[in-house]
Amino acid sequence: RNQIAHTMRVLTFVRGKLLVQVPMPHPEEFVYRSGVFIGRICDALSKWPTPHQLELQKARAGDVDAASASYIEQHALCWQVLASRSRLWDLRFFMDVQHFMTDLIMRGLFTDDTRIMMCNTVFNAFKHLVQPVSEKLRVGVLHNDLNEQNIIALESVDPVVSPQDAEFGVIDFGDVVVSWRVNEIAIAMAYCCLDKQFPIRDMSVMLAGIQSVYPLTPLEMRILPCLICARLVTSLVMGMYSYHMQIIGDGGDAQGGGANATTGNDYVLTTQKTGWYALTRLLTVGAEVIFKRFIADSYAENYSTLPGRDM
């Protein structure tokens with residue numbers, strides 16, 4: 001009527017339950033199956049050609065037809081766009097989260113000395129363990145937000161009755177980036193440990209499922225505990241900041257502020273409920289112990305033979 005053009009994206013509704021809606025505790029078979037699903041996502045996205053691979057493909061093809069040339073151009077452009085997205089939720093930029101934590105402290109909105117020390121411990125570990133090896137990490141396209149509110153247990157199989165047959169789907173591709181591939185696993189495992197009595201055990205079972213489809217390199221495995229903690233700190237600090245400062249969109253423009261800015265979207269505080277316990281547990285156990293547990297468990301031939309729930 002008004003001669004205004006609109007773009008509409010139509011999606012198929014997928015019936016099922018979000019992981020957060022599946023009754024706790026999650027059976028080990030269910031956690032393992034979710035890990036297999038995440039591994040399949042990582043494996044599928046790893047096949048997205050890098051710019052170097054596209055250049056080689058173009059060079060080998062010589063005078064390619066119009067369709068092939070369009071394919072190469074579109075994939076190269078998409079990679080370029082995703083690689084240029086500088087997002088706080090991309091773990092490559094984890095150290096930037098420290099500035100937001102400092103702002104919260106200066107405004108009197110983050111006053112727990114123990115939690116501040118925990119966050120600083122993770123910042124220091126990231127600086128000394130991850131940043132020096134960043135150029136050696138595999139890079140690819142990531143979903144970048146495989147959390148318990150974005151993974152669906154499909155309705156076709158009751159995850160409580162038949163956890164060993166559970167099937168999954170994923171929603172919300174709004175945070176897709178080009179980043180270190182190991183981040184995808186770290187993010188999923190960070191949210192896997194929330195609201196769990198033995199978070200390291202559950203993460204190990206999930207990792208065993210991931211490894212069965214998408215094996216990590218020794219270097220990725222070594223820095224994985226630090227990246228998991230980094231994602232938890234990101235979620236905790238940025239959730240707190242978003243709630244108090246009312247960040248709008250990607251631009252990071254804050255409205256309000258001050259010690260009395262206590263109204264906001266409760267969704268951004270989701271991780272606060274159980275995230276601090278999980279982070280405390282991981283830091284108490286220590287990265288070296290977690291690393292050895294991941295190594296032992298993720299390469300086990302049968303996850304049902306893994307050690308009992310003691311972490």
- Message: Between S179 and N183, does the side-chain hydrogen bond (donor to acceptor under 3.5 Å, both in side chains) criterion hold? Intermediate values first, please.
- Response: CA-CA 7 Å; S179 189; N183 290 350; 3.0 Å; yes
- For R231 and Y191, run side-chain hydrogen bond (donor to acceptor under 3.5 Å, both in side chains): C-alpha distance rounded to whole Å, both residues' side-chain angles, the deciding distance at 0.1 Å, then the answer. CA-CA 9 Å; R231 179 62 180 208; Y191 291 106; 3.2 Å; yes
- Could you walk me through whether L207 and D297 pass side chain to side chain contact (heavy atoms under 4.5 Å, CB included), step by step? CA-CA 8 Å; L207 182 58; D297 292 0; over 6 Å; no
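With a 4.5 Å cut-off on side-chain heavy atoms, D172 and D145 count as touching. Contact check for F198 versus P25: no side-chain heavy atoms found under the 4.5 Å cut-off. Contact of the I151 side chain with the L18 side chain is not registered, since no non-hydrogen atoms from C-beta on lie closer than 4.5 Å. Between W276 and L236, the closest side-chain pair of non-hydrogen atoms falls below 4.5 Å. Using a 4.5 Å heavy-atom threshold, the side chains of M240 and L109 count as separate. With a 4.5 Å cut-off on side-chain heavy atoms, D96 and L88 count as touching.
For residues 74-83, the set of pairs meeting the salt bridge (charged side-chain N to carboxylate O under 4.0 Å, His left out) definition, not counting sequence neighbours, is empty. Judged as a ring pair (Phe, Tyr, Trp, His ring centres under 6.0 Å), the pairs with a partner in residues 133-162 (not counting sequence neighbours) are, in order, H143-F173.
By the salt bridge (charged side-chain N to carboxylate O under 4.0 Å, His left out) test, K47 is found to be paired with D43, residues two or more places apart in sequence or in another chain being considered. With sequence neighbours excluded, the residues forming a side chain to side chain donor-acceptor pair (under 3.5 Å) with D103 are R107, Y241, listed by chain and number. Among residues two or more places apart in sequence or in another chain, the side chain to side chain contact (heavy atoms under 4.5 Å, CB included) test is passed with L154 by V14, I152, S156, E167. In this view, D195 and M24, T274 satisfy the side chain to side chain contact (heavy atoms under 4.5 Å, CB included) rule, not counting sequence neighbours. Applying the salt bridge (charged side-chain N to carboxylate O under 4.0 Å, His left out) test to E288 and every residue at least two apart in sequence or in another chain returns R222. Under the side chain to side chain contact (heavy atoms under 4.5 Å, CB included) criterion, T102 pairs with M106, sequence neighbours left out. Remark: E135 engages no residue in a side chain to side chain donor-acceptor pair (under 3.5 Å) (not counting sequence neighbours). Among residues two or more places apart in sequence or in another chain, the side chain to side chain contact (heavy atoms under 4.5 Å, CB included) test is passed with V22 by K17, H26, F30, A153, P159. Applying the side chain to side chain donor-acceptor pair (under 3.5 Å) rule to T217 yields the partners E220; only residues at least two apart in sequence or on another chain are considered.
Smallest separation of non-hydrogen atoms from E184 and N144: OE1-N, 2.8 Å. Across I228 and A186, no two heavy atoms sit closer than the pair CG1-O, 3.8 Å. Nearest approach of V31 to M206, heavy atoms of both residues: CG1-N, 3.7 Å. Residue Y277 comes nearest to K196 through the heavy atom pair CE2-O, 3.6 Å, listed as atom of the first residue, atom of the second, then distance. L282 and I200 make their closest contact through CD2-CG1, 3.7 Å (heavy atoms, listed as atom of the first residue, atom of the second, distance). Nearest heavy-atom pair across A188 and I38 is CB-CD1, 3.5 Å.
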Identify each donor-acceptor pair in which a side-chain atom of residues 122-130 lies under 3.5 Å from a protein atom, sequence neighbours left out, and give them as a table.
unit_1: N124; atom_1: ND2; unit_2: N120; atom_2: O; d: 3.2
unit_1: H128; atom_1: ND1; unit_2: N124; atom_2: O; d: 2.8

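Counted within 6.0 Å of CD on Q21, heavy atoms from surrounding residues, nucleotides or ligands total more than 12; the atom is thus considered enclosed. The number of heavy atoms from other shown groups lying within 6.0 Å of CZ (R92) is above 12.
Annotation: the span from M189 atom CE to C229 atom SG amounts to 10.5 Å, rounded to 0.5 Å. If you take CG on L227 and CG on L91, they are separated by 6.0 Å, rounding to the nearest 0.5 Å.
Checked options I223, D90, V139, I185; the residue passing with W180 is V139 (criterion: side chain to side chain contact (heavy atoms under 4.5 Å, CB included)).
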